[in-house]
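All chains are named by letter (A, B, ...) in the order of the sequence lines, taking the proteins before the strands, and each is independently numbered beginning at 1. In what follows, every heavy atom counts, from backbone to side chain, and hydrogens, waters and symmetry copies are set aside.
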There are 4 protein chains.
Amino acid sequence: MRKKESKKEMILNAATSLFAHKEFHLVGMDDVAKKAKVAKGTLYNYFKSKEDLYFSILKTRLNTLVNSLKESYNANENAWNNLKRYIERIHKFMTSNPYFFMILKKEEPILEKKKKIEIKSTIDTLKETIHKVFIKGVKERTFRIETANELVTDLVLSMTDTVIKRDLKYNDKTKAVETFLGFLSTIILVN
Amino acid sequence: MRKKESKKEMILNAATSLFAHKEFHLVGMDDVAKKAKVAKGTLYNYFKSKEDLYFSILKTRLNTLVNSLKESYNANENAWNNLKRYIERIHKFMTSNPYFFMILKKEEPILEKKKKIEIKSTIDTLKETIHKVFIKGVKERTFRIETANELVTDLVLSMTDTVIKRDLKYNDKTKAVETFLGFLSTIILVN
Amino acid sequence: MRKKESKKEMILNAATSLFAHKEFHLVGMDDVAKKAKVAKGTLYNYFKSKEDLYFSILKTRLNTLVNSLKESYNANENAWNNLKRYIERIHKFMTSNPYFFMILKKEEPILEKKKKIEIKSTIDTLKETIHKVFIKGVKERTFRIETANELVTDLVLSMTDTVIKRDLKYNDKTKAVETFLGFLSTIILVN
Amino acid sequence: MRKKESKKEMILNAATSLFAHKEFHLVGMDDVAKKAKVAKGTLYNYFKSKEDLYFSILKTRLNTLVNSLKESYNANENAWNNLKRYIERIHKFMTSNPYFFMILKKEEPILEKKKKIEIKSTIDTLKETIHKVFIKGVKERTFRIETANELVTDLVLSMTDTVIKRDLKYNDKTKAVETFLGFLSTIILVN
DNA sequence: GATGAATGAGCGTTCATTCAT
DNA sequence: GATGAATGAACGCTCATTCAT
């Protein structure tokens, strides 16, 4: 049944792969239509603007990530192992979507306010999911007490992002994340 | 005498403020000319392209930052105080140039290769400057030994960036940086 | 049914008439669009650049001319009558396309090398077509033997061009060509 | 005394050499100023526009040519030798000014009407000068009677032009003009 | 007279969006 | 729903001309 992909899915898949490798402004609707094997006008039957298309992808991808994290949670494991798995998944996600986190830091009017709020709420869920593991770790007395702070969640996300960018720059796909996890453990875990 | 700003400075100031708030593609040369109170053609007397203008700003601003850090260095102080002052200055710089660090993470060909290399070398100087303080701290035996690692320099920069973005989002100009410095001290300093 | 001209034809007709009266640099794409009653963007759906538009016209028109000559050839007639008819057609063509022969003499890089080669090959066909009549005339022993020379073909073309320019200058549409044909007969035919 | 060239002469010399190798639209006033080692504004002290500069050169150069022809005239020689020398000089002139004759055929509004009339009068002098040699040749009974016609003068000029263009195209600086003179003698001279 | 920084109308081209079929 | 030809505002950039010094 996977054969019969809906037009909408074809567009989303095409656009996702394009936006993943190029900036918003460098992806043309022509490119999307071509890659999706669909007429340009068809794009506008499903998405009311380029921005809307972009936004939908962002939302979809982030939800996928959040679900992937939630799904990987294991109550019987210790917090550090959970966190490690989270970071690995986030790392993998960021590697194939290097532009998605960038947009979130912007004050740019690329996205309408209403849409931004939707995205923001998904991000909040993402952060809460991570945050809970920190809480769990502190309760376990394996994480430092200062880490049960939203700021730390943000910092972990941005550090992960930095690690990805280094990976991409140096074509060093594996070492940095391990080094990072090592460093992270000295930061987070009680000695 | 500050009244008599050179045309080039007027353009740089106008463009800096525009690029600081909007992406490269969303800033038009018309906007720059208008803001600089200069004819469009004049822009091209000083900068050979939009990219060149952007690049010049990036370079100038980064040099300013690097010089500011170097100038604030005090050999008689301990490493942590030096680092704190660095971070404060970087924080201040990032606050008024929120987009400048973003571009550096992109793989996008907005900048020509040669220009990118120039920028990269300035960034490298910036990182070395910070890195030296970590070395100093490790020598002093006040910084953890693991911190004498380039990755840590990168992480500190990106964490600082994240803190700025939070500040901007929550209009909470002072607390985050203090909290951050507190957290940073638990990460970096030997207990 | 001539009412329903295709967009491409509308553009070609508009551009032809503009390029026929003004130099390449003095014809704007705005002018073409306006005259063709088409949006400027539409021009670029059919021609990838101004140069391409210009080139297409040149090619099309020259092919029309060459076909017109070939079609007018009559193996049963003597060479001089064939040549006269050729010159009349060339004359007519040049009258309505006074700028097209000018471009061919330029060394200017208005046209890309590859495109120039295409045009040149059409011109070569044109010259060969004329040249053959000279060969035929020499075989018939009605043309002087020296005329079976490529240079003469060129000279005849340029003389025809000169005649057109005089016609246009003096608004004397018929006499010059007749006088010219008379003179040409004394040049070409054996006495 | 040749050392102290006037500013005006410097400009004229620079512009002449530039217009000789490139089309009107492809020569910039910047280029002229640079080549003349003069500030751009200075150009406008001597010539009220780019067109005026171009026009002045055209006039000057044509006068030089006409004077050169007149000066080379020798009443004691036969017409054919005079004509040959004329053509050699015209050929040489055209070779170093390949664009100057092109402009004369145009209906282009590059030149104002008044200016065009001035140029035209110089051209008329040029043609008369040549025409007189044809008259002389006919009187001598060495030239065909039909050649004492203004059209023939025009044709000779355009043929010469064609020969230059071939020379330039094939880098065959000497043969074409000799072949041409040979052919011309069969056209013009009584058998 | 000489300068060259400043000008701004105009250029060729792009591309998100529309709409008749 | 699906199409893709048509649109036109907007873009980065050029260059003949002006004018304060």
Nucleotide nearest Lys50(A) (side chain, heavy atoms from C-beta), chosen from dC11(E), dT17(E), dT13(E): dT17(E)
Separation of dC15(F) P from Leu18(D) CG (nearest whole Å): 14 Å
Base paired to dC11(E) (Watson-Crick or G-U; both N/O distances under 3.5 angstrom): dG12(F)
Sugar-phosphate, base or nothing in reach of Val32(B), heavy atoms under 4.0 Å: nothing
Distance, rounded to the nearest Å, where Asp30(C) contributes CG and dA9(E) contributes P: 15 Å
Minimum-distance nucleotide (side-chain atoms of Val38(B) versus dT7(E), dG10(E), dA6(F)): dT7(E)
Taking every non-hydrogen atom, the tightest pair across Ala15(C) and Val32(C): CB-CG1, 4.0 Å
Within 45° cone and under 6.0 Å: Lys7(D) NZ/CZ vs Tyr46(D) ring: no
Spacing of Lys40(A) atom NZ relative to dA6(F) atom P, expressed in whole Å: 12 Å
Most 5' of Gly41(B) and Gly41(C) on DNA chain F, judged by nearest nucleotide: Gly41(C)
Options dG4(E), dG1(E), dT17(E), nucleotide nearest the side-chain atoms of Ala39(D): dG4(E)
Non-hydrogen atoms of Met10(D) and Lys37(D) that approach each other most closely: CE-O, 4.2 Å
Nearest to side-chain heavy atoms of Tyr46(B), which nucleotide of dA2(F), dA6(E), dT17(E): dA6(E)
Comparing Leu43(D) and Gly28(A) on DNA chain E - which has the more 5′ nearest nucleotide: Leu43(D)
Heavy-atom side-chain contact between His25(B) and Phe24(A) under 4.5 Å: no
Any Lys7(A) side-chain nitrogen or oxygen under 4.0 Å from OP1 or OP2 of dG1(F): no
Assigned partner base of dT21(E), Watson-Crick or wobble definition, under 3.5 Å: dA2(F)
Minimal non-hydrogen separation, Leu43(C) against Met29(C), with atom names: CD1-O, 3.4 Å
Whole angstrom value for the distance that separates P of dC11(F) from CD of Glu51(B): 18 Å
Protein-nucleotide distance (Lys34(C), atom NZ; dT7(F), atom P), rounded to Å: 15 Å
Protein-nucleotide distance (Phe47(C), atom CZ; dG12(E), atom C1'), rounded to Å: 16 Å
Thr42(B) or Asp31(C), whichever maps to the more 5' nucleotide of DNA chain E: Thr42(B)
5' precedence on DNA chain F between Met29(D) and Met29(B) (nearest-nucleotide basis): Met29(B)
Interatomic distance where NZ belongs to Lys8(C) and C1' belongs to dA6(F) [whole Å]: 16 Å
Distance in angstrom units between Tyr44(B) OH and dG10(E) P, rounded: 18 Å
